[in-house]
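Inspection log for the structure reproduced underneath, given as structure tokens.
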Amino acid sequence: MNEKYFPTEIEERQQQRWAEAKVFEADVDESRPHFYCLEMLPYPSGRIHMGHVRNYSIGDALACYKRMTGFNVLHPMGWDAFGMPAENAAIKNNARPDEWTIENINAMRTQLQRVGFNYDWRREIASCTPEYYRWNQWFFIQMWKHGLLYRKNATVNWCVKCNTSLANEQAEGGFCWRHEDVPVELRQLEQWFIRVTNYADQLLDDLDTLVDGWPERVLSMQRNWIGRSKGAEVDFAIDGESGVIRIFTTRIDTIFGASCMIVAPEHSLVESLIASGKASDELKSFVEKQSAITKEDRIAEGTEKEGVNTGLFAINPFNGEKLPIWTANFVLTGYGTGAIMAVPAHDERDFEFCAKYGLSIRRVIVPAGFDGDVNEALTEAYTSKDESCIVVNTGEWSGKVVPEAIAAMTAYAQANGFGEAQTNFKIRDWGVSRQRAWGTPLPFIHCATCGIVPVPENQLPVELPKDLNFNTQGAPLAEHAGFVNVNCPTCGAAARRDTDTMDTFVDSSWYYFRYVDPKNTELPFDPKVAAYWMPVDQYIGGIEHAVLHLIYTRLWTKIMRDLGLITFDEPVKNLLTQGMVCLATARCEEHDWLNPTEVLDGKCKYCGRDAKIGRTEKMSKSKKNTIDPDEMINTFGADTVRLFMLFAAPPEKDLEWDDAAVEGASRYLNRVWRIIYKWHEKGLGGREQGVEFSDGARRLRRKTHQTIHRISNDIGTRMNFNTGVAALMELTNEIYDFDKKVDEANAGDLFALKEAMEALVKMLAPFTPHIAEELWASLGHNDLVVVAEWPVYDAELAKEEALEIPVQINGKMSGRVSVAPEIDDEALKQAVFSDERIKAKIGERQIVKTIVVPKRLVNIVVK
RNA sequence: GCGAAAGUGGCGGAAUUGGCAGACGCACCAGACUUAGGAUCUGGCGCCGUAAGGUGUGGGGGUUCGAGUCCCCCCUUUCGCACCA
């Protein structure tokens, strides 16, 4: 053992020992409980960043702890290796995307290995390999056969920077998910879709089974995204015309309050009015104007409601009333039927619109016990969602409470053939085609006679050609004759391969199923092996995937269940969304974003202008507020970096990088090293039975066992690594205290010291495995600490010898009494009332009552 | 606007069920050792006060013997959703 702690040297050595001993390799073993610890796989961009290090340090600590407490732990890592940057690099540098990607993977794997993460590298996967993506193709063919995949000409989101279409989830708020400043365009395109809407109900309802294991934030984001709304569709006949307007409403009970109908400017009714020349000039120009505005602008906050009367009338099927038909900007074509009935009395938007255009307002809902005038003019919409509200002015349904009226009126509409119950969702089918070349080819062939024909399964994978030409205006795949031209598998005639590729979110929808059986050539995975490991016990990753990856992967699980591969409904039992790694930003007028080292005394290093230190923000290359993990590891060692990240904040909170605190973490490890080095030199002797323990030794043993108890809870149950580290620091401080007064001739003292140090080193292993391993060897062990048995908690030894019971008078702290730990309430009371200090404080006052919280506190109420 | 989470020293954060507020660390202060220290060790460190003591978990009210924790109102911050019919 070296006197000084040299992290980089020991880290490499210990990593080698682990690799040689293959201790992180796990296989099916029915004799032990199993635990699947999973972290979101990285995109091989070239370098790992601090966000990765944090994410993986959390998972690594948990995996190590679980392994040490007897679990068979699956802890894999892989690469989300298809995607745009590789293709862009190919275009820019005339490189090959596969080579670019593999180089990056190799570099990043080396980096991850330098941090010393305990992965089973045998199970590594890269989604860009044919061995992997052939199963994407296989899944698509199964989905096609089951009617879960279809092709349709549709309006899709298009990002000009990505030069491809995007799924709705990837175009939230009208901007591309990869390019936050690039608004998406709409294009008409023939596309592949996965029938998500078949699963919308399940995706929503099953969220209820995740409430204990998933953050509420993610659940509510998914609920919002799925956006189920239950209501009814109702047909309104058009006065003097054939055909009907079908509307969607969640409040059919308010239909007697309808003042007008409003259709979207794109509605077929408006189109046909214009086509037949019956539209007014005002209507025509309004529609023209609206079609020039994007949906996002049209529904942006503060946009005034505008509309035009079409001149037509609709007949309310419930009461025969004639209602003018309007078109307006706030009615959208993409939701419901693109047409609504406007009920101004009970909807804020409708109120605003009808008030503006002087349309009548009729109240049809009142609160329970309402005793005012039903026909008195409302000054604002009455929108109470209270189920006890009563329907009025509504013919035979008047007097019913809202839920009953909705049920009865929906039934009436259905019975009379002009409506039916209907559930609407915001979530849309998943558009999975991408017009890019670096992705999984779609395994379909377009034949002039046979239509769309799946590639026969025994011909999978459909491999991506390696000799694509990226310097072309068109699509590289479509221009590759060898790829495109093929014979139809059914009729044998000349046909064309589909030249789109799959959304890369397909790859990540099921990658962790592949880890359980990564070499399988018959199926994506062996259902039996998956049944052993899955579902994932703990998944750890960023919040940014709340409605992207995390909804797709839930969908995929349900599809795989329906394909008979698995039997469970949800893939992930527990989800932890870790916070971001942040750092202060600095900005100079001349040189834009500055690295903190480029700022000297608040001035830009280059030009001397004031450099404003801004707020802390997520580390990003563009803001130049990044810290390179490799540099930090070179300076402090991987253990220090990991310790800092786990200690500085609870995992779900954002973490601000703090150089001083990193040094603090380093100082702590040096402190542990020093005390163990000292006793390594002196020798601690062997364990001896039947020794007498001094007060100090008993105290240290107590702390040791209390710490074992605490940290097991902190890591295993609460996943609060920060308090776990704090507990280890306390134990270390206690060891230092004891070290000052230890009697080297006393076997009990040496035993207590050794016990404390061994426990400390073991408990450090999940956080700082390298130094723990090195110190474990110094303490005379030949086995590996990262797979050693977790220290055993002895409740007897952890018990306090005396309790300091706080005493309150009228709820105010007034002193303490020291009593035996097994004291009963009566004896505790006596001890308190015989305490001179307490007696003096009570003085002449009369004791009203005394509250005793057993073994914790006494409160005396006096007056 | 709706919904959720949060607000504790100079800072990051503890306080597991309503029971000693501020664990642990950073920064800072004082001292020791040293040729030297950005090493190490010892001590201090919420605020007011020399002290005794008082006061204190965003603000106000409440429940309770007792509230950072529970309830009501308000303020602030962050996040999500937002003409969704």
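Chain identifiers are assigned alphabetically (A, B, ...) following the order of the sequence lines, protein sequences preceding nucleic acid strands; residue numbering begins at 1 within each chain.
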Under the salt bridge (Lys or Arg N to Asp or Glu O under 4.0 Å) definition, can you give me all pairs with a residue in [range], not counting sequence neighbours?
range: residues 846-856 of chain A; answer: none
range: residues 574-583 of chain A; answer: none
range: residues 211-228 of chain A; answer: A:Asp201-A:Arg228, A:Asp205-A:Arg228, A:Asp208-A:Arg223, A:Glu216-A:Arg223
range: residues 643-663 of chain A; answer: none

Expected string for nucleotides 26-49 of chain B under the B/S/- scheme (protein heavy atoms, under 4.0 Å, primed atoms plus P, OP1, OP2 as sugar-phosphate) is SS-----------SSSS-------
Selected nucleotide, minimal atom distance to A:Asn859 side chain, candidates B:C83, B:C81, B:C65:
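Per side-chain heavy atoms of A:Asn859, the pick is B:C65.
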If you check every side-chain atom of A:Val861, which of B:C20, B:G12, B:C65 has the closest atom?
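Of the candidates, B:C65 comes closest.
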Within residues 250-263 of chain A, residues whose heavy atoms come under 4.0 Å of RNA chain B
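Of all residues in residues 250-263 of chain A, the ones placing a heavy atom under 4.0 Å from RNA chain B are A:Thr250.
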Can you list everything that forms a side-chain hydrogen bond (donor to acceptor under 3.5 Å, both in side chains) with [X]? Sequence neighbours excluded, please.
X: A:Arg54; answer: none
X: A:Asn720; answer: none
X: A:Glu233; answer: A:Arg246

May I have the distance from A:Arg856 (atom CZ) to B:G19 (atom C1'), rounded to whole angstrom?
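Rounded to the whole Å, the gap is 6 Å.
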What nucleic acid atoms does A:Arg349 come within less than 4.0 Å of, heavy atoms only: base, sugar-phosphate, or nothing?
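Base, at least one base heavy atom under 4.0 Å.
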For A:Asp347 and A:Lys841, take the nucleotide of RNA chain B holding the closest heavy atom to each; which residue's nucleotide lies nearer the 5' end?
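Result of the comparison: A:Lys841.
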So what's the dot-bracket for RNA chain B: Watson-Crick or G-U pairs under 3.5 Å, [ ] if a pair crosses, | if it pairs off-strand?
(((((((..(((......[....))).(((((.......))))).(((....)))..(((((..]....))))))))))))....
Provide the distance between the two C1' atoms, one in B:G53 and one in B:A14, to the nearest whole Å.
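Result for the C1' pair: 28 Å, nearest Å.
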Test ring pair (Phe, Tyr, Trp, His ring centres under 6.0 Å) applied to A:Phe318 - qualifying residues, sequence neighbours left out
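A:Phe318: ring pair (Phe, Tyr, Trp, His ring centres under 6.0 Å) contacts with A:Trp397, A:Tyr412, A:Phe418.
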Restricting to nitrogen or oxygen on both sides, can you table the protein-nucleotides 21-23 of chain B pairs closer than 3.5 Å?
unit_1	atom_1	unit_2	atom_2	d
B:A23	O2'	A:Glu730	OE2	2.8

